[in-house]
Amino acid sequence: MAKSSPKDIHELMQRAHDLAGIRLADIAADNQISVPENLRRDKGWVGQLIESELGALAGSKPQPDFIHLGVELKTIPIDCKGKPLETTYVTVAPLVNIQGLSWQDSVVFHKLQHVLWVPVEGERSIPVGERRIGTPILWQPNALQAQQLQQDWEEIMELIALGKVDKITARHGEVLQLRPKAANSHTLTESIAEDGSIQLSNPRGFYLKIEFTQQILNNAFG
DNA sequence: CCTTGATCATGG
DNA sequence: CCATGATCAAGG
């Protein structure tokens with residue numbers, strides 16, 4: 001049975017809090033979804049499971065998961081100490097037609113305005129179904145975080161605009177990084193070349209570094 | 001041990 | 001192909 005969409009943020013948070021401590025196998029059973037042996041071929045399984053349970057709108061849209069609430073849902077794998085195990089994908093990076101694009105008009109800015117973080121045990125030693133959901137965190141970037149995100153975004157976008165996308169590595173940026181985001185390394189999309197013409201490059205996505213998301217979790221539980 | 005670059009599934 | 005959901009796994 002598909003879950004209804006929460007009517008307001010309060011209901012969303014109440015439902016998210018109710019999931020704390022529960023095993024993924026129980027959430028899966030409640031949604032009539034089978035639990036995979038591992039996530040090797042089901043990398044988005046946990047995220048989609050929680051989306052289903054919380055009544056997020058399914059499908060691939062560059063919109064918030066709870067568009068009527070303006071809230072983006074992110075599950076985040078953590079170790080036994082509560083530290084994120086992976087970086088967090090934010091959105092695909094625009095590589096062409098970016099002249100005049102400002103931080104406030106960017107997808108990264110909008111997606112990170114309001115995020116519901118749902119920590120989930122992610123260590124591979126724990127069977128997927130036995131992994132438990134943690135305490136949810138409703139987050140909005142503070143002044144420092146907003147400044148860090150904007151600076152990284154602007155630096156990366158400037159390099160893309162200058163036709164240096166293929167020279168950008170994941171080491172650029174303090175809290176936000178640019179990395180491949182595609183089915184494989186052979187996938188191509190249009191980008192800006194150094195002479196200003198159009199070339200083909202591997203699609204990229206913006207990711208939040210682990211230290212950044214770790215601070216978000218620490219601030220919430222500190 | 002950790003990060004970077006690569007990859008998997010699905011829907012439109 | 002693009003955008004969603006991410007994790008995998010080789011190498012530094």
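Proteins get letters first, then strands, A, B, ... in listed order; numbering begins at 1 in each. As a basis for the values below, the full set of heavy atoms in this structure was taken, side chains included, without hydrogen atoms, waters or symmetry mates.
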Per atom distances to the A/S185 side chain, the nearest of C/dC1, B/dC2, B/dT7 is B/dT7
Choosing from B/dC2, C/dC1, C/dT4, which nucleotide comes nearest the side chain of A/T187?
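Of B/dC2, C/dC1, C/dT4, C/dC1 is nearest to the side chain of A/T187.
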It should be established whether A/T91 places a side-chain nitrogen or oxygen under 4.0 Å from OP1 or OP2 of nucleotide C/dA3.
no
With a non-hydrogen cut-off below 4.0 angstrom, is [X] in contact with a base, only sugar-phosphate, or nothing?
X: A/L85; result: nothing
X: A/A170; result: sugar-phosphate
X: A/K209; result: nothing

Counting distance only, does the side-chain N/O of A/E121 pair as donor-acceptor with the main-chain N or O of A/D79 below 3.5 Å?
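No; judged by distance alone, with no hydrogens or angles, the pair does not exist.
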Take nucleotides 7-12 of chain C nucleotide by nucleotide from the 5' end and write B, S or -, depending on whether a protein heavy atom sits under 4.0 Å from the base, only from the sugar-phosphate, or from neither.
BBB---
Can you list every salt bridge (charged side-chain N to carboxylate O under 4.0 Å, His left out) pair that touches residues 10-24 of chain A, not counting sequence neighbours?
A/K7-A/E11, A/E11-A/R15, A/R23-A/D26, A/R23-A/E130
If you find the nucleotide of DNA chain B closest to A/I210 and the one closest to A/Q48, which residue's nucleotide is nearer the 5' end?
A/I210
List the atom pairs, with distances to 0.1 Å, where a side-chain N or O of residues 215-222 of chain A and a protein N or O form a donor-acceptor pair under 3.5 Å, not counting sequence neighbours.
residue, atom, partner, partner atom, Å
A/N219, ND2, A/Q215, O, 3.4

Residue pair A/S52 / A/N31, side-chain donor-acceptor N/O under 3.5 Å:
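Yes, because at least one side-chain N or O of A/S52 sits under 3.5 Å from a partner of the opposite role on A/N31.
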Has the side chain of A/K181 got a donor or acceptor that lies under 3.5 Å from a partner of the other kind on the base of C/dG5?
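Result: at least one qualifying N/O pair found.
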Set of residues satisfying ring-ring contact (aromatic ring centres under 6.0 Å, His included) with respect to A/F212, sequence neighbours excluded:
none
Give the residues of residues 93-106 of chain A touching DNA chain B, defined as any heavy atom closer than 4.0 Å, sorted by residue number.
none
Among A/E72, A/K74, A/M13, which one satisfies side-chain contact (heavy atoms from CB on, under 4.5 Å) with A/L116?
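By the side-chain contact (heavy atoms from CB on, under 4.5 Å) criterion, A/L116 pairs with just one of A/E72, A/K74, A/M13: A/M13.
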Could you list all the side chain to side chain donor-acceptor pair (under 3.5 Å) pairs where at least one residue sits in residues 203-213 of chain A, not counting sequence neighbours?
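Counting only pairs at least two positions apart or across chains, the side chain to side chain donor-acceptor pair (under 3.5 Å) contacts touching residues 203-213 of chain A are A/D166-A/R204.
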